[in-house]
Every structure is written in C-alpha cells, then in structure tokens.
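Shown next, in structure tokens, is the structure this report addresses.
What's counted below: heavy atoms across the whole structure, side chains too, no hydrogens, waters or symmetry copies.
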2 protein chains.
Amino acid sequence: MKWDELEEEACSIARTIGVIGDRWTLMILRECFLRTRRFEGFQSALGITRHLLAERLKKLVRQGVLRRIPYQEAPKRHEYILTQKGLDLYPIMMAIVHWGDVHMVDVRGRPLLHQHRKCGKMFDPVMVCSECGERLSAKEVHVHPGPGARAALEKAHLDKKAKARKRAA
Amino acid sequence: MKWDELEEEACSIARTIGVIGDRWTLMILRECFLRTRRFEGFQSALGITRHLLAERLKKLVRQGVLRRIPYQEAPKRHEYILTQKGLDLYPIMMAIVHWGDVHMVDVRGRPLLHQHRKCGKMFDPVMVCSECGERLSAKEVHVHPGPGARAALEKAHLDKKAKARKRAA
DNA sequence: ATTTGACAGTTCGATTTTAGAACTGTATGA
DNA sequence: TCATACAGTTCTAAAATCGAACTGTCAAAT
C-alpha cells in the first residue's frame, strides 16, 4: 500500500494516517501547537533534515492542515500557521501526550504540565461520550458499518467480479 | 534522529511516537481494536508485507502493547492481544477516527458508526478536562514545564558544556 | 565597501527502510 | 499423497531518509 492509497480507503483511521501518520509530521505538529511558525524554528527544534522539513510542510499545506502566510517581502518569507482543520488535531495530540505521560515517563517525571484556563487547574485530558458524557473505553463501544463502509463493500464486490472476468479472458 | 532516540526525549509526544508513530503500527493497532488477533488476519486485512508485519508485531510485544499468547501446540501458534497499555491507546485511536470522520469523509459518508453500550446512542468522542469536565481546545490550555522538562534542561546544559570542552581540547 | 550571519529553502551521494515475491516447515483434510 | 492453512524467514529491487554542502536575498557589523 502506498501513502496516497491510504487516503482513499473506506476507513477514517487510514485516511487520517495518510495525513499525519509519520514520525516527522507528528513532531512538526507538536511544534505548531507549541507556537513554532518558521522554517528555522522547526528545523532547530526537531533536528529534521531541511529537505524533509520542506517536503512535509508542503504536504501539510496541500492538505489544509497548515496555511502559508507571508510575514515579509524581500526576501519573501512565510509562516506556517494551523488552520481550523489543523487545530482540530488537538485532541489527537493531547491523547498522545497523555498516553506518554502514563506509560512512558521515566524517573524524572512528566515533561509538561497542562493547565486549563477556564478552571485554573492542572488537568489530564479525558475522552467521553458526546451523548451521555461518560468516560469511554474500548469494551463499551459497539462498531457498526456506516454508509461509507457499505458503499465500499459494494465497490469491493464489483472489483472482485471485474478481476474474475479478467482472469477468465 | 533515529527511532530509538525518540524514546529518550523529554517529551511525551516524542516517546509515544517512538512506539506507535508509523503508518503500519497504527494500522495494526486499528485491527487489534477490531478484534484481529492472528498473523494471517493482520496480513490479509492490511496488505502489509509479511516481513514488516512480523517486525512490527515483535516491536509491539517488546514494548508491552501486545501480548503474544499460544493458542495451539504443534505447530506452535500465537495470538497477539492488547495489554492494558495497549487498550489505553483507545482514546488516541478514537481521536484519530473522529478527525477523519469530520475532515476526510467523502460523499459516501462515514465508514463506521460507534454506539455506546451504556447509553445506547451513536456518539462521537469528545475530549474534556479531567477537573471541570469542559470541552478542551488548544487555546484554553497553558503549558508549563514539568519535572521531566527541568531535568532535561539541566542535562542539555551539561551536554553543551561537555561539547565546548571537547572543542577546546 | 566588504564581510558576516540569519533565513528559507534546494541539490546530491550514501545509507536505511520498505516492497514484493518466493521459500520453509508443521499439521489437517480430501 | 496432494492441496491448503498458518506463521513466519529470506532475498533483491525500489523508495525514503540522512547528512552535508550549496543558492540566494537581505540586514547589520567592521
């Protein structure tokens, strides 16, 4: 499977992984959420090769996760800013941070603490059900095929028939 | 930066990415949450090469995300089951699915729907503050260096001095 | 007037990963 | 005894990544 095929799969995980599912992209997004905006900023914070950084930034802009905004003429310079689509990645980032905080800390303790402005307290992110507000766990969730999956199944069925015809010919 | 260095960084995102931050690992974990347990199951569902699948499964077992459990002798066969550490990845998975549902669906609609057993309704996952229960967004969160970050800063400081001495010599 | 440094990339050869396919070995069922 | 299921391993070719150097514009320092 190639990267660009992932985005066509009838699976929201596959499609999302097509956008953010590699090491450097996730690290770049971490920096975005920590308010880094410029090429040099990303490069020196991450130690990524300049080549790859340029490539990943372009890809994120193409996909609408970042916006490239000029901040000076002569020479032309741009900043990379999260779009709303990019900001919406926040729960993913927080979920990743939290898992690391719980399962990957060493003796030194947590690298970062998070304070909620609204209530003023240090907090952990918690995932709840949008309908009843209770904490979610894998075992309490039932998965059903949605309209996208049914369409995909029909397509797979047709593909299979096409292949069979091809073999016969 | 190499993969194994990621796990030593003073950053929970970097450490987590060191474990799950590649395309195939995330897809394998998707299958785990959909109840796939065996080598052939993963392979045929994902189209991953057998070589990489074997490698990724080993890595996940080493890191305590999966447990390798024999289900028959002669020939020896094993199943790969999520540990608690693995089950705790659920919020990350759900956050990824949800972002895909919102930003990457096509005309066919959502591939999967999620039903919460407790309340019986179809739901979306929502991330809230553990202290006050309000929805989280990036702008409402303040980041503070924790104990792990301070220790890391001191270490970086020492490393820098060591390097300077080396240059001088 | 000339050099130095910051910034944002691009280019290129060497190394590392991944893809794709074939092969190994044990057991079951026809 | 022949085919099939399962869980890998091995091999070569292709693709991605690394590391380092190079390009070009401008501002500030000498």
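- Distance CG (Asp22(B)) to C1' (dT18(C)): 11 Å, rounded to an integer number of Å.
- For the pair Arg77(A) and Phe39(A), the cation-pi test (distance below 6.0 Å, angle within 45°) is failed.
- Between Phe33(B) and Tyr90(B), the ring planes lie tilted relative to each other; the angle falls in the 30° to 60° range.
- Interface remark: the Arg38(B) side chain does not form any donor-acceptor pair with the dA7(D) base, using a distance-only criterion of under 3.5 Å.
- DNA chain D is contacted by both Glu40(B) and Arg56(A); Glu40(B) maps to the nucleotide lying nearer its 5′ end (nearest heavy atom per residue).
- As rounded to whole Å, 16 Å separates atom P of dT11(C) from atom CG of Leu53(A).
- As a whole-Å value, the separation of Leu52(A) CG from dT16(C) C1' is 13 Å.
- Spacing between atom CD of Gln43(B) and atom C1' of dA5(D) amounts to 13 Å, rounded to whole angstrom units.
- In terms of position on DNA chain C, the residue among Glu55(B) and Arg50(B) whose nearest nucleotide sits closer to the 5' end is Glu55(B).
- Put simply, CD1 on Ile28(B) is 11 Å from P on dT18(C), counting in whole angstrom units.
- Residue Lys58(B) has a polar side-chain atom (N or O) positioned under 4.0 Å from OP1 or OP2 of dT9(D).
- Within the 4.0 Å cut-off from OP1 or OP2 of dC18(D), at least one side-chain nitrogen or oxygen of Arg23(A) is found.
- No engagement by Phe42(B) is indicated, since no non-hydrogen atom pair under 4.0 Å with the nucleic acid exists.
- Among the nucleotides dC6(D), dG8(D), dA8(C), the one closest to the side chain of Tyr71(B) is dC6(D).
- Counting heavy atoms from C-beta on, the side chains of Leu6(B) and Arg15(B) never come closer than 4.5 Å.
- The phosphate of dT17(C) has neither OP1 nor OP2 within less than 4.0 Å of any side-chain N or O from Trp24(B).
- Listed pair Arg37(A) / dA8(C) fails the phosphate criterion, with no side-chain N or O lying under 4.0 Å from OP1 or OP2.
- Between Glu73(B) atom CD and dC6(D) atom P there is a gap of 18 Å when expressed in whole angstrom units.
- For Tyr80(B), taking side-chain heavy atoms from C-beta onward, the closest of the listed nucleotides dG8(D), dT11(C), dA19(C) is dG8(D).
- Because its NZ or CZ atom is not both nearer than 6.0 Å to the ring centre of Phe42(A) and within 45° of the ring axis, Arg50(A) does not count as a cation-pi partner of that residue.
- As a whole-Å value, the separation of Lys59(A) NZ from dA16(D) P is 10 Å.
- Toward the 5' end of DNA chain D, the nearer of the two residues Thr49(A) and Arg77(B), judged by each one's closest nucleotide, is Arg77(B).
- Each of Ile96(B), Leu34(B), Ile20(B) was checked for a side chain to side chain contact (heavy atoms under 4.5 Å, CB included) with Leu29(B), and the lone residue meeting it is Ile20(B).
- Checking dT10(D), dC12(C), dG9(C) against every side-chain atom of His51(A), the shortest atom distance belongs to dC12(C).
- Computed from coordinates, the Leu46(B) CG to dA7(D) P distance equals 14 Å when rounded to whole Å.
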